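Source: prediction; values computed, not measured.
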Amino acid sequence: MDTVPRSPNGFLSSLSASDFELIRPHLRTVDLTADSVLIETDEMLKRTYMPHKGVISLVVKLARGERVQVAMVGRDSIFGAFAPLVEGRVLNNATVLVPGLASTVELEPLREAAGQSPTLRTMLLRHGLAVYAQIQQTAGCNAAHTVESRLARCLLHTRDLSGSNKIVLTQEAMAQMIGARRNSVSLVAHTLQQANFIHYSRGHIEITNADGLIRTACECYAAVKAQYARLLNCEETSG
């Protein structure tokens with residue numbers, strides 16, 4: 001199957017030429033503005049997003065106001081993969097964690113295209129399952145692993161998805177990413193900086209020793225990468 005090497009987004013570039021042509025006329029490019037809310041829980045999704053750079057955070061809001069990230073979507077995939085296949089309201093908020101650019105397509109044209117092409121439906125399903133696998137791994141990780149290993153995992157994953165070793169993340173955003181308190185994140189970020197794995201100053205993070213972070217990260221970092229490679233049958237995305 002001839003794929004389409006014309007997009008920096010992994011979902012779009014994995015499509016066959018014929019599948020890409022089904023949606024090409026409907027693609028638009030939009031800015032992903034930092035901290036912007038793309039959709040909130042229980043709303044109907046109207047469009048899907050395929051980041052070129054930047055990262056979308058999928059967040060669960062709890063009754064007492066806590067917000068916990070359950071997955072991230074970046075240049076490797078698509079936010080809203082299941083929506084053209086199964087109608088329903090979204091189960092979590094989606095916000096922009098790292099600003100960038102994305103291709104977007106309205107839901108109805110994508111649903112129509114998926115109805116015409118079994119291979120496009122299969123790709124949507126595989127990408128949706130990959131995000132679901134990440135959600136499952138995150139749930140287990142937050143329950144079982146240390147704050148230090150979780151933060152290392154999330155920093156590495158954010159680097160992979162954004163394509164840059166330099167990331168802008170507040171302590172609040174990092175706490176939300178790993179389901180921890182801000183003071184715990186501050187202590188752990190300081191520890192990682194003392195180990196010369198990162199440089200951190202006023203929300204600006206530079207990963208200076210990725211190998212050190214990989215050794216610190218829990219098994220979930222490699223597990224999610226392996227799941228994506230298996231489900232999408234593609235090379236792992238790396239920075």
Student: Output the distance between atom CD (Q116) and atom CZ (R121), rounded to the nearest 0.5 Å.
Tutor: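 Rounded to the nearest 0.5 Å, the CD-CZ separation comes to 10.0 Å.
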Student: Any ring-ring contact (aromatic ring centres under 6.0 Å, His included) pairs touching residues 132-153, not counting sequence neighbours?
Tutor: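 Sorted result for residues 132-153: empty, none.
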Student: Taking atom CG of L101 and atom CE of M50, what is their separation to the nearest 0.5 Å?
Tutor: 13.0 Å
Student: Could you check whether any side-chain N or O of S36 sits under 3.5 Å from a backbone N or O of V96, counting only pairs where one atom can act as donor and the other as acceptor?
Tutor: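 Side chain of S36 to backbone of V96: no pair is present.
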Student: Considering only heavy atoms from C-beta outward, does the side chain of T95 approach that of D35 to under 4.5 Å?
Tutor: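 Answer no - side chains too far apart.
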Student: Closest approach of G179 and V68, non-hydrogen atoms and distance?
Tutor: CA-CG1, 4.1 Å
Student: Output the distance between atom NZ (K61) and atom OG1 (T41), rounded to the nearest 0.5 Å.
Tutor: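 These two atoms lie 8.5 Å from each other.
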Student: Is there a chain of hydrophobic side chains (I, L, V, M, F, W, Y, each step under 4.5 Å between heavy atoms) that links L91 to F82?
Tutor: no
Student: Using the rule that Ile, Leu, Val, Met, Phe, Trp and Tyr join whenever any side-chain heavy atoms are under 4.5 Å apart, tell me whether V73 and V168 fall into a single cluster.
Tutor: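 Looking at the clustering, V168 is in a separate group from V73.
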Student: For C141 and C220, which heavy atoms make the closest approach, and how far apart are they?
Tutor: CB-SG, 3.5 Å
Student: Does L125 share a hydrophobic cluster with F11, counting links as ILVMFWY side-chain heavy atoms below 4.5 Å and allowing steps through other members?
Tutor: yes
Student: Which pair of heavy atoms, one from T138 and one from Q69, lies closest together, and at what distance?
Tutor: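 Minimum heavy-atom separation between T138 and Q69: CG2-O, 3.8 Å.
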Student: Any side-chain heavy atom of L213 sitting closer than 4.5 Å to one from R159?
Tutor: no
Student: For the CD atom on E43, are there more than 12 heavy atoms of other groups (residues, nucleotides or ligands in this structure) within a distance under 6.0 Å?
Tutor: yes
Student: Between R67 and N93, does the side chain to side chain contact (heavy atoms under 4.5 Å, CB included) criterion hold? Intermediate values first, please.
Tutor: CA-CA 9 Å; R67 295 172 181 267; N93 289 15; 3.2 Å; yes
Student: Does D31 use its side chain to pair, donor to acceptor, with the backbone of T33 at less than 3.5 Å?
Tutor: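 Looks like no, no N/O pair under 3.5 Å.
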Student: Distance check, rounded to the nearest 0.5 Å: K53 atom NZ versus L32 atom CG?
Tutor: 10.5 Å
Student: Assess whether atom CD of Q136 is packed by more than 12 heavy atoms of other residues, nucleotides or ligands within 6.0 Å.
Tutor: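 For Q136, atom CD is crowded (more than 12 foreign heavy atoms under 6.0 Å).
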Student: List the steps and the verdict of side chain to side chain contact (heavy atoms under 4.5 Å, CB included) for L110 and H26.
Tutor: CA-CA 8 Å; L110 184 55; H26 308 287; over 6 Å; no
Student: Just by distance, do the side chain of T216 and the backbone of G212 share a donor-acceptor pair under 3.5 Å?
Tutor: yes
Student: Is N165 reaching over with its side chain to a backbone N or O of E206, donor-acceptor style, under 3.5 angstrom?
Tutor: no
Student: Between the side chain of R47 and the main-chain N/O of T104, is any donor-acceptor distance below 3.5 Å?
Tutor: no
Student: Within the structure provided, determine whether D19 and M123 are in side-chain contact (heavy-atom separation under 4.5 Å).
Tutor: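 No; the side chains remain at least 4.5 Å from each other.
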Student: Look up atom CD in Q227 and atom CD in Q137, then write down how far apart they are to the nearest 0.5 Å.
Tutor: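 Going from the CD atom of Q227 to the CD atom of Q137 covers 7.0 Å.
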Student: Hey, does Y228 have a side-chain heavy atom less than 4.5 Å from the side chain of L129?
Tutor: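 Side-chain contact under 4.5 Å: no.
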Student: Taking S117 for the side chain and A114 for the main chain, is one N or O donor matched with an acceptor at less than 3.5 Å?
Tutor: no
Student: So how far is it from M72 CE to D160 CG, rounded to the nearest 0.5 Å?
Tutor: 9.0 Å
Student: Do V224 and R153 make a side-chain contact, defined as non-hydrogen atoms from C-beta onward lying under 4.5 Å apart?
Tutor: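 V224 vs R153: side chains apart.
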Student: Which atom pair, heavy atoms only, marks the closest approach of S103 to L27?
Tutor: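 S103 and L27 have their closest heavy atoms at CB-CD2, 4.2 Å.
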Student: Verify the distance criterion only: is there a donor paired with an acceptor across the side chains of S162 and S164 at less than 3.5 Å?
Tutor: no
Student: With L12 as reference, evaluate I78, V105, I23 under the side-chain contact (heavy atoms from CB on, under 4.5 Å) test and give the passing residue.
Tutor: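 Result for side-chain contact (heavy atoms from CB on, under 4.5 Å) with L12: I23.
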Student: Check ring-ring contact (aromatic ring centres under 6.0 Å, His included) between F79 and all other residues, then give those that pass, not counting sequence neighbours.
Tutor: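 By the ring-ring contact (aromatic ring centres under 6.0 Å, His included) rule, F79 matches no residue at all.
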Student: Have H199 and T208 got a donor and an acceptor in their side chains that come within less than 3.5 Å?
Tutor: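 On atom types as modelled, these side chains do not qualify, holding no pair under 3.5 Å.
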Student: In terms of hydrophobic clustering (I, L, V, M, F, W, Y; side-chain heavy atoms under 4.5 Å; direct or indirect links), are L62 and V37 co-clustered?
Tutor: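 Shared cluster, no.
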Student: Could you tell me whether a side-chain N or O of N9 sits under 3.5 Å from a main-chain N or O of P51, the two making a donor and an acceptor?
Tutor: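 Yes, the answer is positive, given that a donor and an acceptor are paired below the 3.5 Å cut-off.
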Student: Treating S186 as the side-chain partner and R182 as the backbone partner, does any N or O pair qualify as donor plus acceptor under 3.5 Å?
Tutor: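 Looks like no, no N/O pair under 3.5 Å.
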Student: Quick one: does Q193's side chain have a donor or acceptor within less than 3.5 Å of a partner on Y200's backbone?
Tutor: yes
Student: What are the two closest non-hydrogen atoms of A180 and R150, and how far apart are they?
Tutor: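 Distance-wise, the nearest heavy atoms are CB-NH2, 4.0 Å.
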Student: Under 4.5 Å between any side-chain heavy atoms of Q194 and T191, yes or no?
Tutor: no
Student: Could I get the full list of salt bridge (charged side-chain N to carboxylate O under 4.0 Å, His left out) partners for R111, not counting sequence neighbours?
Tutor: E108
Student: Answer yes or no: is there a side-chain heavy-atom contact under 4.5 Å between L169 and M177?
Tutor: yes
Student: Quick one: do I207 and L161 end up in the same hydrophobic cluster if we chain Ile, Leu, Val, Met, Phe, Trp and Tyr together by side-chain heavy atoms under 4.5 Å apart?
Tutor: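 They do share one cluster, since a chain of ILVMFWY contacts under 4.5 Å joins I207 to L161.
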Student: What's the shortest heavy-atom distance between A217 and L156, and which atoms?
Tutor: CB-CD1, 4.0 Å
Student: Short question: side chain of D211, backbone of N209 - any donor-acceptor pair under 3.5 Å?
Tutor: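 Flag not set: sc D211 to bb N209 has no pair under 3.5 Å.
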Student: For the residue pair S77 and H127, establish whether any side-chain heavy-atom pair is separated by less than 4.5 Å.
Tutor: yes
Student: Give me the one residue out of D42, L38, L58, L45 that meets side-chain contact (heavy atoms from CB on, under 4.5 Å) with V90.
Tutor: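 Of all the options given, the one that passes is L45.
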